[in-house]
Trainee: 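Supplied in structure tokens, the structure appears directly below.
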Amino acid sequence: MSSAAVMDTGKVKADCYTGLTLWARGLPDSEVKALQGRLTTYMSTLLPEVEDLAVRMTGETRKVAVLVVARASVVAVQSLYEPDVAPWYVEDAAEVCRSLLTLRERPGRLVEPWGLDEAVAAGRCRLCRECAQPIRLGERWIAREPGTSSQSGGLLHAGCAPGL
């Protein structure tokens, strides 16, 4: 199941720019923490969409997509185990989000899916924000926006958030 969430790409791009220029901005920790939460949610939403597109991409775009998916998986896992604000994490998340958004918006020529194992091996490492267990290929999941509950946003197994 893929997320049908409509994303404000202008807001994503603005948050990515803020994250990439964080060192020069001197934002208070509370704003950096909020930015971190938004970037994590964008990553969680964009990652499965780009994974699904990557198996249909061709040439160098596909190679870049596989690398970005692998890196996004690592950065997403870091956010689970390092919940405190870390400016380097926010910068990494902003770079990954910008790359994922670019691949989603400009995937290049798409063909019939091929080489699924390559894309899967590169990083099908979506983790549930509630139970921290992998969301496996074909499992039902939902994307929770930050601020919609007492917890941060991200992907959840459909069974981990029955009230949403």
Trainee: CG of Leu53 to CZ of Arg62: how many Å apart, nearest 0.5 Å?
Mentor: 11.5 Å
Trainee: One pair to check against side-chain contact (heavy atoms from CB on, under 4.5 Å): Glu91 and Leu22. What are the steps and the verdict?
Mentor: CA-CA 7 Å; Glu91 188 176 31; Leu22 191 62; 5.9 Å; no
Trainee: Give a yes or no on whether the backbone of Val69 and the side-chain of Ser73 come within a donor-acceptor separation of less than 3.5 Å.
Mentor: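 Yes; judged by distance alone, with no hydrogens or angles, the pair exists.
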Trainee: For residues Leu100 and Ala72, report the shortest heavy-atom separation together with the two atoms involved.
Mentor: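 Closest approach of Leu100 to Ala72: CD1-CB, 4.0 Å.
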Trainee: So how far is it from Leu67 CG to Lys63 NZ, rounded to the nearest 0.5 Å?
Mentor: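 So the gap between those two atoms works out to 10.0 Å.
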Trainee: Any side-chain heavy atom of Thr41 sitting closer than 4.5 Å to one from Thr45?
Mentor: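 A side-chain contact under 4.5 Å exists here.
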Trainee: Measure the spacing between CZ of Arg71 and OG of Ser99 and express it to the nearest 0.5 Å.
Mentor: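 Nearest 0.5 Å value for the CZ-OG distance: 11.0 Å.
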Trainee: Roughly how far apart are Arg109 CZ and Thr58 OG1, rounded to 0.5 Å?
Mentor: 4.5 Å
Trainee: For the side-chain contact (heavy atoms from CB on, under 4.5 Å) test, which of Thr21, Leu20, Asp15 pairs with Tyr17?
Mentor: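 When Thr21, Leu20, Asp15 are each tested with Tyr17, the side-chain contact (heavy atoms from CB on, under 4.5 Å) holds only for Thr21.
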Trainee: Using a 4.5 Å cut-off on heavy atoms from C-beta on, say whether the side chain of Val50 contacts that of Arg104.
Mentor: yes
Trainee: Verify whether one side chain among Arg106 and Thr102 offers a donor that lies under 3.5 Å from an acceptor in the other.
Mentor: no
Trainee: Do you know which two heavy atoms are closest between Val75 and Tyr89, and how far apart they sit?
Mentor: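 For Val75 versus Tyr89, the nearest heavy atoms are O-CE1, 3.3 Å.
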Trainee: Is there a side-chain contact between Val32 and Arg25 in this structure, where contact means two heavy atoms from C-beta onward sitting under 4.5 Å apart?
Mentor: no
Trainee: Please report the interatomic distance CG(Leu103) to CG(Leu47), rounded to the nearest 0.5 Å.
Mentor: 11.0 Å
Trainee: Can you tell me how far apart OG1 (Thr18) and CZ (Arg38) are? Round to the nearest 0.5 Å.
Mentor: 7.5 Å
Trainee: After noting the C-alpha distance and the side-chain angles of Asp29 and Lys33, does the key distance pass the salt bridge (Lys or Arg N to Asp or Glu O under 4.0 Å) rule?
Mentor: CA-CA 6 Å; Asp29 282 350; Lys33 183 74 170 171; over 6 Å; no
Trainee: Residues in side-chain hydrogen bond (donor to acceptor under 3.5 Å, both in side chains) with Arg98, at least two apart?
Mentor: Glu95
Trainee: Can you check whether Leu39 reaches Cys16 side chain to side chain, under 4.5 Å on heavy atoms?
Mentor: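 Yes; the side chains approach each other to less than 4.5 Å.
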